[in-house]
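Sequence lines set the chain letters: A, B, ... in the order given, protein chains first and strands last, and positions in each chain run from 1.
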Amino acid sequence: MSTVPRLRFAPSPTGYLHIGGARTALFNWLYARRYGGTFILRIEDTDQGRSTPESLQAILDALGWLGIDWDEGPGKEGKAGPYFQTKRLDTYREHAEQLIRAGHAYRCYCTPEEIRARRAAVEKASGEGTYKYEGTCRNRTDAPAGMPSVVRFKMPSGPGTVVLQDKVLGTISKEYSDLDDAVLLRGDGIPLYNFGCVIDDHLMDMTLVGRGQEHVNSTFPQLMLYRAFGWTPPEMAHFPLILGPNREKLSKRKHPEADVMLHKQTGILPEALLNFVVRLGWSHGDDEVISREQMKEWFDFDHVGSVSGVWNPEKLLWVNQQWLKQLDPAVVAARLVPFLEAKGFRVWEDGRRLARLVEALRARARTLQEMAEMAGYFFSDGVVVDEKAAQKHLGAESKAVLAEVRAALEAAGGWTASGLDEVVKQVSEKLKVGMGKVAQPVRVAVTGNTASPGIGETLELVGREQALKRIDAALARA
RNA sequence: GUCCCCGUCGUCUAGAGGCCCAGGACGCUGGCCUUUCAAGCCGGUAACACGGGUUCGAAUCCCGUCGGGGACACCA
């Protein structure tokens, strides 16, 4: 392989970036990165009605959050630009003309209303999706100049087959008779997807087009276009779909989890989302926790499966916790801060202390959101003690132990987890009672509940002043 | 309806004719560890859709059936 691979992701800015799109982008990006290729971001904004600048920004933001960067595209002009289809309209028009001159396309003067009516009639009789354009305008010469028209492709009418060599699905073919004269250019001169896509993929010099399986059928008319132009089509790879819990294609309408940025809000790490998503349809032996670097090193299409996969939220959560545990605590801490602030906590300035907090909570939380939820008692002034917990661990006997701990704590030299653990242990030895009898009352007094990180780290993070204050409050309870 | 793709534990998957009476992971579950809750460690649960071939031998190849999904626009 001597040519440099060129791959692209070509979203249309008609909503947020969804999971399926993110994975398509990821696969293409990984392949480009692995083989030293170029990754292009092309914006297919030809749907005037639905494309919005907000959507474009949302997609750019989501790709940025995931760490998927591009070499050519918005903000990175290159030789093959512009990268917005609406800025390439002349190009499409010229190519449509070229096709007409060559006899591979023609103007069709049927109005949308006429087509709609015919479609309705046919489908009423034979069922949905049975309508095919009849080719009425193929040889029409009586149309007055300036009459509104679209440009249609002229499908070969005899018997024949288009063959797709797909990098993941293998060989697939389609009979000419299953295709019809598709519209290339609309009445307003704006290209349809199948046309703009082919022109751009060729002109932008794509060597490989990877996209979701929902596009396999549309690649046949595209292949016909390449042939009509005399162009060599890029390699093709169609990825399995990602299905929702109801086993239908993950869609924005039915599945809120299809929104990439929703996961940022719920406290999923980009590393984890990427990890989870790359494993939907691709694998590397038994590896489960895979870093971006490893993906770039290992990814290839021969291990992309052809079976659609179901979104599994439980596993996403598990993967996320793995990343919570293996990323640098300081990095996780920085990402945790907004979640803490959202809960109204006065977040510590001390970065090291925050990192310690992450170390204490990361084995207990699966998301940043959960982490923030269980961090309340580290930031509050005083604490509300759960009644059941108090009943169990703050009885008269326990209070005597607690008083003993308080004295030892106050006398303690430093205020570090290991030292504090030692203090608690010594009290248990001195009083000849089990650690549970000592640590639990302290835990309830300091956190208000029966579950928390190790007693030493809990005390350290709560802080000396707060810890003593809360123990006093517990001791003073009736 | 027509065309296209797909079919290994509930889910994600390993598996490219003998290494598989099928391996890993999530989940569920038993135990260990333990000051709590987690985490961790050890174990268990559970699958080659079905029926025919081909072959000495099939989860792997072929055919059929059934099942699931996708596509059928002057959307992308």
_Cationic tip of A:R152 above A:Y133 ring, under 6.0 Å, 45° of axis_ = yes
*Compute both the distance and the angle, then confirm whether A:K315 meets the cation-pi test with A:F276: under 6.0 Å from the six-membered ring centre, within 45 degrees of the axis.*
no
Looking at [options], which one has an atom nearest to any side-chain atom of [X]?
X: A:E214; options: B:C6, B:A71, B:G15; result: B:A71
X: A:N312; options: B:C74, B:C72, B:G10; result: B:G10
X: A:A363; options: B:A38, B:C12, B:C3; result: B:A38
X: A:L169; options: B:U11, B:C6, B:C3; result: B:C6
X: A:V307; options: B:C37, B:U8, B:C74; result: B:U8
X: A:K174; options: B:C4, B:A76, B:G1; result: B:C4
X: A:D47; options: B:C75, B:U35, B:C74; result: B:C75
X: A:L241; options: B:A76, B:G69, B:U36; result: B:G69
X: A:W318; options: B:U11, B:C5, B:A25; result: B:A25

*Is the ring centre of A:H284 less than 6.0 Å from the ring centre of A:W298?*
yes
Heavy atoms under 4.0 Å, any strand shown: does [X] hit a base, just sugar-phosphate, or nothing?
X: A:N194; answer: nothing
X: A:H284; answer: nothing
X: A:R279; answer: base
X: A:S12; answer: sugar-phosphate
X: A:G196; answer: nothing
X: A:T450; answer: base
X: A:H215; answer: base
X: A:T46; answer: sugar-phosphate

Using OP1 and OP2 only, check whether a side-chain N or O of [X] sits under 4.0 Å from [N].
X: A:R366; N: B:A38; answer: no
X: A:R119; N: B:C74; answer: yes
X: A:K132; N: B:U2; answer: no
X: A:K315; N: B:U13; answer: no
X: A:R247; N: B:U11; answer: yes
X: A:S452; N: B:U36; answer: no

Sticking with atom [atom1], work out how far [N] lies from [M], rounded to a whole angstrom.
N: B:U13; M: B:U54; atom1: C1'; answer: 29 Å
N: B:C37; M: B:A76; atom1: C1'; answer: 49 Å
N: B:G24; M: B:C33; atom1: C1'; answer: 25 Å
N: B:G52; M: B:G15; atom1: C1'; answer: 24 Å
N: B:A22; M: B:G31; atom1: C1'; answer: 27 Å
N: B:C5; M: B:U65; atom1: P; answer: 15 Å
N: B:U35; M: B:G30; atom1: C1'; answer: 24 Å
N: B:U55; M: B:G43; atom1: C1'; answer: 39 Å

Quick one: [X] [atom1] to [N] [atom2], roughly how many Å, whole number?
X: A:I455; N: B:C37; atom1: CD1; atom2: P; answer: 13 Å
X: A:Y131; N: B:C3; atom1: OH; atom2: C1'; answer: 18 Å
X: A:L179; N: B:C3; atom1: CG; atom2: P; answer: 13 Å

What's the shortest heavy-atom distance between [X] and [Y], and which atoms?
X: A:A22; Y: A:V260; answer: CB-CG2, 3.7 Å
X: A:N28; Y: A:G210; answer: ND2-O, 3.0 Å
X: A:L420; Y: A:E460; answer: CD1-N, 3.5 Å
X: A:I268; Y: A:A272; answer: CG2-CB, 4.3 Å
X: A:R443; Y: A:G454; answer: NH2-C, 3.8 Å

_Can you say whether a donor on the side chain of A:E288 sits under 3.5 Å from an acceptor on the base of B:G24, or the other way round?_
yes
Any strand counts, and the cut-off is 3.5 Å on both contacts for Watson-Crick or G-U wobble. Which nucleotide pairs with [N]?
N: B:A59; value: none
N: B:C41; value: B:G31
N: B:C20; value: none
N: B:A71; value: B:U2
N: B:C26; value: B:G10
N: B:C50; value: B:G64

*Beyond-backbone contact of A:W323 with A:L273, side-chain heavy atoms, under 4.5 angstrom*: no
*Earlier contact from the 5' end, RNA chain B, for A:R152 and A:Q440*: A:Q440
*Which residue lies more 5' along RNA chain B, comparing A:D286 with A:S173 via nearest heavy atoms*: A:S173
